[in-house]
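Data first, discussion second: the structure below is written as structure tokens.
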Amino acid sequence: MFTSAEECVVSLLQRAFSLRDLGQAHAIFTKSNVEACLPSLFSKLLSLSALSLWGSLAYARSLFESSSRLLESTAAHNVMLRAYSASIFPTETVLLYNSMCRRCVGLDNLSFPFVLKALGRAVAVVGDGPAITFAVKGAEVHCRAFLLGFDCDVFVQNALIYMYSRCGRVDYARSVFDGMPVKDAVSWNTMFVAYDRLGESVSANQLLNKMPEKNVSLWNSVITRHVRLGDVSAARRVFEEMPVRDAVSWNSMIAGYIRVKKYSTALRLFKKMVAAKIDPTRLTIVSVLGACSEIGAFNMGLKIHEFLKKNMIEIEGFVGNALIDMYAKCGNLKLARQVFDTMGLRHVTCWNSMIVALAVHGHSEEALELFSYLERCNVQPNRITFLGVLLACSHKGLLEEGKALFHRMVHVYSIKPDIKHYGCMMDILTRRGLLDEAHQMILDMPVMPNSVLWKTLLGACKVHENVELAETAFREISKLETPDDGDLVLMSNIYAEAGRWEDVEHLRNGMIGRSLSKQPGYAQIELLS
DNA sequence: ATAGGGTTAG
């Protein structure tokens with residue numbers, strides 16, 4: 001009985017190409033309790049789920065947490081560290097690392113590179129977090145690696161270079177680099193990119209000239225360097241001339257075209273990539289879907305979605321986010337919502353894409369419902385989330401809801417409102433005719449008001465016939481910038497309606513002095529190359 | 001095993 005179950009699992013795992021296969025293997029494990037006897041097979045199951053293109057990090061996590069045996073295994077932890085470090089939740093790697101330290105699960109030479117990579121990536125992915133926080137944590141990890149004697153490992157050293165450079169400490173990165181008795185291609189490339197990203201071309205070029213071997217990765221870095229300097233043709237020349245191209249080469253070139261807004265060219269290159277039988281990676285998918293969103297290429301987006309289904313590529317994390325955003329930007333809220341409802345590992349940006357899209361399209365109630373669902377799911381909203389719900393309130397004139405949400409943002413989530421949040425509140429208040437309250441808000445807010453806020457108030461003063469406040473608003477606009485013709489016309493109409501003709505005259509004269517000439521509006525249509 | 005590719009949402 002046991003042998004047949006074992007054989008069955010081995011053969012299932014060998015030929016696994018979808019989550020369904022893993023599910024079957026897992027079911028056999030659970031039924032026959034093979035897990036206790038075959039930890040290596042269970043680890044194999046975990047790593048297939050966590051790391052393959054068709055795998056699912058969410059599923060891997062549930063596997064990992066369901067097995068007490070795995071909770072002691074360094075190898076299993078390394079699989080999770082690795083998967084998290086490349087995911088949309090890099091800080092999960094750090095949390096798992098902390099818990100390993102706490103529970104005395106052994107760290108080995110493989111653990112450190114993943115934790116360091118995650119810290120380097122977290123700076124970009126978490127965004128708002130100051131790099132220095134991650135650099136400090138990175139230094140702590142560095143210390144532990146030193147104490148355990150792993151700081152002599154080239155993989156660990158390379159990861160240290162990466163971590164320090166991404167956390168804004170190229171100086172530390174360089175001292176690790178200089179202290180390495182043996183450097184490999186990765187060391188040189190990582191250090192080169194560190195300088196190049198900072199625009200320190202002298203140091204970057206020095207490394208380029210000194211490095212002993214030039215591999216594919218370096219060519220890829222050079223492609224990106226040209227793109228960063230704004231020369232996508234030079235990047236393309238390198239791409240065409242390089243001896244060997246891998247998936248990253250294609251991704252770099254596609255990303256390059258997207259960076260210079262040549263979306264159609266990017267999509268054409270993607271088609272070439274598929275034709276050249278280079279398997280797209282998750283990153284290819286994310287980039288290409290982003291290009292579709294930009295130009296509203298709905299059919300291309302649909303095709304990519306089909307491709308994902310056909311290849312059993314799990315829709316979660318970055319891929320799910322990109323797919324939702326593509327559908328939302330193409331105006332298909334129904335499909336966006338469908339992806340949202342079925343995907344695993346939703347990052348707050350997924351919620352934001354969905355909430356903002358609903359708000360923009362006037363589905364205010366749905367947007368607000370989704371927000372309360374977010375709170376029930378214990379997801380931390382951020383400033384964009386609140387921009388979305390406030391926009392939803394302003395569209396439907398939901399005064400009480402808007403005020404309550406604004407209060408919640410400040411006092412429950414400790415998010416400092418910025419000028420755009422105040423702009424939404426201005427809309428909400430002025431549409432209800434609460435001009436004095438709106439005025440008071442501008443006076444009280446801790447950020448410097450811009451002319452847009454005053455112009456909103458001025459417009460509301462016209463509707464609600466408040467000459468006095470209009471004069472104040474107009475004066476404030478004049479302090480910030482030269483009032484444009486729209487402001488002048490608005491103000492003079494307000495005077496006219498109040499019968500203050502001498503003030504109208506006064507303004508008119510001022511306008512003639514500036515040669516009132518309403519610039520004809522024109523739309524620029526960019527021809528797609 | 002590590003780099004190189006993306007950094008979202010208004």
Side-chain angles (χ1 to χ4, degrees), chain A residues 47 51 75 78-79 81-82 85-86 88 90 108-118 120-128 153-163 165-166 183-194 196-197 215-225 227 235 245-256 258-259 280-291 293 317-326 328-329 347-357 359-360 381-391 418-421 423-424:
Chain A
S47 71
L51 304 173
N78 287 345
V79 169
L81 289 175
R82 181 181 174 191
S85 75
I88 200 166
D108 65 12
N109 54 328
L110 275 78
S111 318
F112 285 99
F114 301 133
V115 179
L116 294 166
K117 174 186 175 171
R121 282 188 77 246
V123 173
V125 174
V126 176
D128 298 331
D153 185 298
V154 177
F155 282 81
V156 175
Q157 291 166 329
N158 288 343
L160 283 168
I161 298 173
Y162 178 83
M163 182 275 294
S165 74
R166 295 291 175 126
K183 303 174 182 61
D184 65 9
V186 177
S187 329
W188 287 95
N189 198 20
T190 311
M191 200 63 234
F192 166 74
V193 172
D196 186 45
R197 286 168 68 98
N215 58 354
V216 182
S217 302
L218 183 71
W219 289 81
N220 293 342
S221 305
V222 172
I223 289 179
T224 304
R225 172 182 224 197
V227 173
R245 284 183 283 272
D246 63 10
V248 177
S249 322
W250 289 86
N251 288 352
S252 309
M253 203 58 234
I254 291 171
I258 291 174
R259 219 172 151 122
T281 66
R282 281 210 157 93
L283 205 131
T284 321
I285 306 289
V286 171
S287 300
V288 172
L289 282 172
S293 310
F318 281 113
V319 171
N321 197 9
L323 201 57
I324 289 171
D325 201 47
M326 182 276 295
K329 293 264 173 66
H347 193 256
V348 65
T349 54
C350 292
W351 295 86
N352 291 352
S353 290
M354 205 60 233
I355 289 172
V356 168
V360 165
N382 62 17
R383 36 181 291 274
I384 307 290
T385 322
F386 279 100
L387 217 46
V389 285
L390 291 177
L391 188 68
D418 63 29
I419 198 89
K420 291 189 174 171
H421 297 104
C424 283

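What you see below is based on every heavy atom in this structure, not just the backbone, and it leaves out hydrogens, waters and symmetry mates. Letters go in sequence order (proteins before strands), and every chain restarts at 1.
No engagement by A:Arg225 is indicated, since no non-hydrogen atom pair under 4.0 Å with the nucleic acid exists. Heavy atoms of A:Phe318 sit under 4.0 angstrom from at least one base atom. Among the heavy atoms of the strands, none lies under 4.0 Å from A:Val286. Within the 4.0 angstrom heavy-atom criterion, base atoms lie near A:Thr349. Among the atoms of the strands shown, none is found under 4.0 Å from any heavy atom of A:Arg282. A:Lys420 comes within 4.0 angstrom of a base, heavy atoms only. Using a 4.0 Å heavy-atom distance criterion, A:Ala159 is classed as making no nucleic acid contact. Among the heavy atoms of the strands lying under 4.0 Å from A:Arg82 are primed sugar atoms or P, OP1, OP2 only; no base atom is included.
The aromatic ring of A:Phe155 stacks onto the base of B:dA1, its centre lying under 5.5 Å from the centre of the six-membered base ring with the two planes under 30° apart.
We find the CG-CG distance between A:Leu323 and A:Leu289 to be 5.5 Å, quoted to the nearest 0.5 Å.
In DNA chain B, no run of at least 3 Watson-Crick or G-U pairs (N1-N3 plus N6-O4 or O6-N4, or N1-O2 plus O6-N3, all under 3.5 Å) shows up, so the stem list is empty.
Here the side chain of A:Leu387 is nearest to one of B:dG10, B:dA3, B:dG4, namely B:dG10. In the set B:dA1, B:dT7, B:dG4, the nucleotide with an atom closest to the side chain of A:Asn189 is B:dG4. For A:Tyr162, whose side chain is taken as the heavy atoms from C-beta onward, the closest listed nucleotide among B:dT2, B:dG4, B:dG5 is B:dG4. Checking B:dT2, B:dG4, B:dA9 against the side-chain heavy atoms of A:Ser353 singles out B:dA9 as nearest.
Residue-to-nucleotide proximity on DNA chain B shows that, of A:Thr224 and A:Lys329, the 5′-proximal contact is made by A:Thr224.
Residues forming a side chain to side chain contact (heavy atoms under 4.5 Å, CB included) with A:Ser85 (at least two apart in sequence, or on another chain): A:Thr93, A:Phe114, A:Lys117, A:Ala118.
Scanning atom types as modelled, one donor and one acceptor separated by under 3.5 angstrom connect the side chain of A:Ser217 and the base of B:dA3. A donor N or O paired with an acceptor N or O is found under 3.5 Å between the base of B:dG5 and the side-chain atoms of A:Thr281. The base of B:dA1 does not come close enough to the side chain of A:Asn158 for any donor and acceptor atom to sit less than 3.5 Å apart. Below the 3.5 angstrom threshold, one finds no donor paired with an acceptor across the side chain of A:Asn215 and the base of B:dG4. The base of B:dT8 does not come close enough to the side chain of A:Asp325 for any donor and acceptor atom to sit less than 3.5 Å apart.
With no hydrogens or angles considered, a side-chain donor-acceptor pair links A:Asn220 and A:Asp246 at under 3.5 Å.
For the pair A:Asn382 (side chain) and A:Thr385 (backbone), a donor-acceptor distance under 3.5 Å is present.
Considering only heavy atoms from C-beta on, A:Arg166 comes within 4.5 Å of A:Arg197 through its side chain.
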